[in-house]
Amino acid sequence: MIDGPTIVSALQTCGITHVVWVPDSHLGRWEADLSSSPSLRLIRATREGEAIAIGGGLILGGARPLVMIQCTGLFEAGDALRNIVYDLKLPLLLLVGVRSYRAFQSGQSTDNCPAFTEPILKAWQVPYAWIDPEKHSGADFIAALRKAQVSGNAAALLWVE
Amino acid sequence: MMTHREALEVLANLRGGRAVVSTMGSVAFWPKLSDTPLDFAYNPSSMGQGIALGLGMALAKPGLGVVVLMGDGSLLMNLGSLVTVAQHAVDLYVLLIDNGLYEVTGGQPVAGAGRTDFAGLARAAGIARVYACPTVEEWRATAPEALSGPGPVFVWLRVRGDLGQQTPAPPRPMIQQVARLRGALGASG
């Protein structure tokens, strides 16, 4: 089980300096841990495209941000993602909460968000990896984030909700 | 009413060592006034994200000072960015170049053209230092104060719209701009 303190510890281990976010009901549980961490700065954005552009500016300035949003926000943020990743070619890192994924997989949800998250990322040609907090450990999360970092390219971690 | 170029000439005399992010129509003028490694022509852009990009730079480099040249059409696409900026004590200076038009698409009015109180919106968002300059004389008189001291700062500049403008080209490819800016900010590698 990956909880808030585990996430904060992992981000510290990976040298993340800023978390730019529009929280959802799952990621939002980390609010207290993220906002109280002395080594992370939590930046609250009003929408997801804005969060991605702030992340781009942080990278330009030499910081190492992680943008945390829900998949619905990923859908909203397409043009900002296109610009930061393909025009500016910045190594943007995203953590995307996939709403209703577990229920959708078991046929118990009519929420269509999970159906579109992977196709959207494939369309934008952004590589991604899944993190299931009930199956993966903090070490798994660190390994996935580090793999994304060393690639030098934009990447997303998809968070099972 | 001042011209777009006149508005930027005032900035050119006072920008000091700050980074300047130009967007949309300002990309046609600013590189002719200043083209240092700290001048970033954000084109191609994601329309409406100039303030967010500048905020990120300012957060990453406290003390640098970042000026963002933003059009009214762009700001209207991301009014929430004013609220986001207001949360942070960063030296970010937003210069709103308000011509009331989508200039490069043929001069169609933006929503609310001539009615929107952008200074009021910025104040209501929580930005304490807000200036409104409808003429170049007022802008020249206000600029030394507006462009000094702590940010965030929002300046509303009313400029004349010019029809028949083409989408301006950046002074160099984006990949070169990014490398140059990151080098100047010590953010390479």
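Quick note on labels: first sequence line is chain A, next is B, and so on, each numbered from 1.
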Original post:
What is the distance from atom NZ of B:K61 to atom CG of A:L58, rounded to the nearest 0.5 Å?
Top reply: 11.5 Å

Original post:
Which heavy-atom pair separates B:G80 from A:T46 by the least distance, and what is that distance?
Top reply: O-CG2, 3.3 Å

**OP:** Hey, could you give me the CD/CD1 distance between A:E50 and B:I51, rounded to the nearest 0.5 Å?
**Re:** 9.0 Å

Original post:
How about A:R44 and B:H88: does a side-chain donor come under 3.5 Å of a side-chain acceptor?
Top reply: no

Subject >> Under 4.5 Å from any heavy atom of chain A - which part of B:Q49 >> reply: both

**OP:** Tell me whether B:V110 is reachable from B:V94 by hopping between hydrophobic residues (I, L, V, M, F, W, Y) whose side-chain heavy atoms are closer than 4.5 Å.
**Re:** yes

Original post:
With only heavy atoms counted, which part of A:L90 is less than 4.5 Å from chain B, the side chain, the backbone, both or neither?
Top reply: side chain

**OP:** State, with a plain yes or no, whether a side-chain heavy atom of B:R182 is found less than 4.5 Å away from one of A:L60.
**Re:** yes

**OP:** Sort out for me which of A:G61, A:G62, A:A80 touches chain B most, counting heavy-atom pairs under 4.5 Å.
**Re:** A:G61

Original post:
Are B:N78 and A:R47 close enough, and set up right, to give a side-chain contact (heavy atoms from CB on, under 4.5 Å), and what steps lead you there?
Top reply: CA-CA 9 Å; B:N78 199 357; A:R47 60 188 304 178; 4.1 Å; yes

Subject >> Segment of B:L59 engaging chain A (4.5 angstrom heavy-atom cut-off) >> reply: both

Subject >> Side chain to side chain, B:Q177 and A:L88, heavy atoms closer than 4.5 Å >> reply: no

Original post:
What option among B:P44, B:A58, B:A19 has the most heavy-atom pairs under 4.5 Å with chain A?
Top reply: B:P44

Original post:
When clusters are formed by joining ILVMFWY residues with side-chain heavy atoms under 4.5 Å apart, either directly or through shared neighbours, do A:F141 and A:Y128 land in the same one?
Top reply: no

Subject >> Which atoms of A:I84 approach chain B - backbone, side chain, both or neither, heavy atom under 4.5 Å >> reply: side chain

Subject >> Criterion side chain to side chain contact (heavy atoms under 4.5 Å, CB included) against A:I54, the qualifying member of B:T84, B:V85, B:L53 >> reply: B:T84

Original post:
Linking I/L/V/M/F/W/Y whenever their side-chain heavy atoms sit closer than 4.5 Å, directly or via other members, would B:M70 and B:L157 fall into one cluster?
Top reply: no

Subject >> hydrophobic_cluster_shared for A:V19 and A:V96, side chain cutoff 4.5 Å >> reply: no

**OP:** Find the one option among A:R82, A:K89, A:R41 whose heavy-atom pairs under 4.5 Å with chain B are most numerous.
**Re:** A:R41

**OP:** Tell me whether A:W159 is reachable from A:L42 by hopping between hydrophobic residues (I, L, V, M, F, W, Y) whose side-chain heavy atoms are closer than 4.5 Å.
**Re:** yes

Original post:
Under 3.5 Å, side chain of A:D87 to main-chain N/O of B:M174, donor-acceptor pair present?
Top reply: no

